[in-house]
Amino acid sequence: MTTIRRFRCNDLLRFTSVNLDHLTETFNMSFYMTYLARWPDYFHVAEAPGHRIMGYIMGKVEGQGESWHGHVTAVTVSPEYRRQQLAKKLMNLLEDFSDKIDKGYFVDLFVRASNTPAIKMYEKLGYVIYRRVLRYYSGEEDGLDMRKALSRDVEKKSVVPLKRPVTPDELEYD
């Protein structure tokens with residue numbers, strides 16, 4: 001049986017195998033620790049019997065006014081545990097925190113434009129492509145900024161797609 005729980009410090013030493021997928025962004029330890037300290041409600045792990053890490057989600061809440069939103073920094077599931085709806089469960093958890101606890105207007109994420117399986121999964125979860133970000137990944141590959149409106153955004157203004165691509169310099173960061 002799968003357990004979904006908050007990420008703990010000692011998980012940093014146990015989740016390397018999940019990050020081996022070439023499409024998964026990996027970060028340095030201090031980056032993970034910052035997320036764990038600042039946004040613990042947005043950092044969860046899916047664990048198999050025997051305490052094997054199956055996948056995780058890491059995110060945060062950011063922005064101001066109608067740009068107040070949840071952000072998915074990383075979500076990944078180890079290849080042997082895919083097609084079990086784990087990513088969906090992890091995404092739903094982050095969306096619920098963003099919607100019900102932090103009262104965000106939307107949830108967003110960035111995905112490589114070439115990562116068709118992930119884009120299709122996000123679309124099935126209700127995300128739309130909000131904008132293309134030119135050369136977002138390592139200054140080479142375009143990224144797609146995908147968004148899903150939450151209950152606070154009654155008019156769904158946050159997901160109206162931009163008509164032109166943007167550059168990383170034009171992104172707002174908190």
Side-chain angles (χ1 to χ4, degrees), residues 1-62 69-102 104 106-133 136-138 140-150 159:
M1 181 165 151
T2 302
T3 302
I4 295 180
R5 61 164 176 80
R6 275 193 179 176
F7 200 92
R8 298 187 290 244
C9 284
N10 64 341
D11 291 328
L12 288 169
L13 305 173
R14 302 176 47 237
F15 80 139
T16 308
S17 63
V18 178
N19 280 346
L20 294 177
D21 181 338
H22 72 283
L23 294 172
T24 299
E25 290 291 315
T26 56
F27 307 98
N28 61 44
M29 288 288 196
S30 64
F31 188 86
Y32 292 108
M33 291 298 290
T34 298
Y35 272 72
L36 188 56
R38 290 189 64 188
W39 303 285
D41 290 338
Y42 287 78
F43 206 164
H44 283 80
V45 63
E47 193 174 61
H51 306 290
R52 181 170 160 89
I53 293 180
M54 303 163 76
Y56 68 91
I57 191 164
M58 176 175 69
K60 61 184 175 178
V61 63
E62 63 183 358
H69 67 282
H71 174 73
V72 178
T73 303
V75 60
T76 190
V77 174
S78 190
E80 65 266 33
Y81 296 110
R82 292 185 184 158
R83 301 246 176 255
Q84 297 178 31
Q85 308 229 344
L86 286 176
K88 178 181 179 178
K89 290 174 186 168
L90 292 166
M91 292 289 291
N92 287 341
L93 187 63
L94 187 140
E95 291 166 10
D96 284 346
F97 272 103
S98 299
D99 192 29
K100 296 179 176 99
I101 306 299
D102 288 317
F106 61 92
V107 172
D108 79 340
L109 58 88
F110 292 88
V111 61
R112 291 178 183 274
S114 65
N115 193 348
T116 304
I119 294 165
K120 287 181 180 182
M121 179 194 73
Y122 296 133
E123 288 174 337
K124 283 182 187 172
L125 295 176
Y127 286 78
V128 298
I129 297 170
Y130 174 69
R131 60 188 169 182
R132 177 177 286 267
V133 184
Y136 180 75
Y137 288 97
S138 303
E140 297 173 13
E141 185 175 357
D142 291 357
L144 301 178
D145 179 355
M146 298 187 75
R147 292 185 176 189
K148 180 178 182 175
L150 299 175
V159 296

Might you point out which heavy atoms bring Ile119 and Arg112 nearest each other, and give the distance in Å? CD1-O, 3.7 Å
Measuring from atom CE of Met91 to atom CG of Leu125, what distance do you get when rounded to the nearest 0.5 angstrom? 6.0 Å
What one should report as the nearest heavy-atom pair of Ala74 and Phe27 is CB-CE1, 4.4 Å
My understanding is that only one of Lys89, Lys88, Lys148 makes a salt bridge (charged side-chain N to carboxylate O under 4.0 Å, His left out) with Glu95; could you say which? Lys148
Verdict with reasoning, Asp11 to Arg5, per side-chain contact (heavy atoms from CB on, under 4.5 Å): CA-CA 11 Å; Asp11 291 328; Arg5 61 164 176 80; 2.8 Å; yes
Does the pair Thr76 and Tyr56 meet the rule for a side-chain contact (heavy atoms from CB on, under 4.5 Å), with working shown? CA-CA 6 Å; Thr76 190; Tyr56 68 91; 3.4 Å; yes
Kindly determine whether Tyr130 and Asp108 satisfy side-chain contact (heavy atoms from CB on, under 4.5 Å), including the steps that lead there. CA-CA 9 Å; Tyr130 174 69; Asp108 79 340; over 6 Å; no
Atom pair OH (Tyr81) and CD (Glu47), whose distance is rounded to the nearest 0.5 Å: 10.0 Å
Heavy atoms only: give me the nearest Ala149-Val159 pair and the separation to one decimal. N-CG1, 3.5 Å
Looking only at non-hydrogen atoms, find the nearest pair between His44 and Pro40 and report the distance. CE1-O, 4.2 Å
Could you tell me which non-hydrogen atom of Ala113 sits nearest to which non-hydrogen atom of Arg132, and how far apart they are? CB-NH1, 3.7 Å
Heavy-atom closest contact (Ala87 atom, Met121 atom, distance): CB-SD, 3.6 Å
Test side chain to side chain contact (heavy atoms under 4.5 Å, CB included), reference Thr73, set Tyr35, Tyr32, Phe110, output is Tyr35
How many angstroms lie between CG in Leu86 and CD1 in Ile57, if you round to the nearest 0.5 Å? 11.5 Å
Can you measure from CZ (Arg147) to NE2 (His69) and round to the nearest 0.5 angstrom? 6.5 Å
Under 6.0 Å between the ring centres of Phe15 and Phe7? yes
Counting distance only, does the side-chain N/O of Glu62 pair as donor-acceptor with the main-chain N or O of His71 below 3.5 Å? no
Counting heavy atoms not belonging to Gln85, are there more than 12 under 6.0 Å from its CD? no
For Tyr42 and Asp102, does a side-chain donor sit closer than 3.5 Å to a side-chain acceptor? yes
So, taking the atom named CE in Met146 and the one named CD in Glu123, what distance separates them when rounded to the nearest 0.5 Å? 4.5 Å
Step by step, work out the side chain to side chain donor-acceptor pair (under 3.5 Å) result for Glu80 and Ser78. CA-CA 6 Å; Glu80 65 266 33; Ser78 190; 2.8 Å; yes
Under 3.5 Å, is there a donor-acceptor pair between the side chain of Tyr137 and the main chain of Gly143? no
Verdict with supporting geometry, Tyr122 and Val75, side-chain contact (heavy atoms from CB on, under 4.5 Å): CA-CA 11 Å; Tyr122 296 133; Val75 60; 3.3 Å; yes
CZ of Phe97 to CZ of Phe43, rounded to nearest 0.5 Å, is 14.0 Å
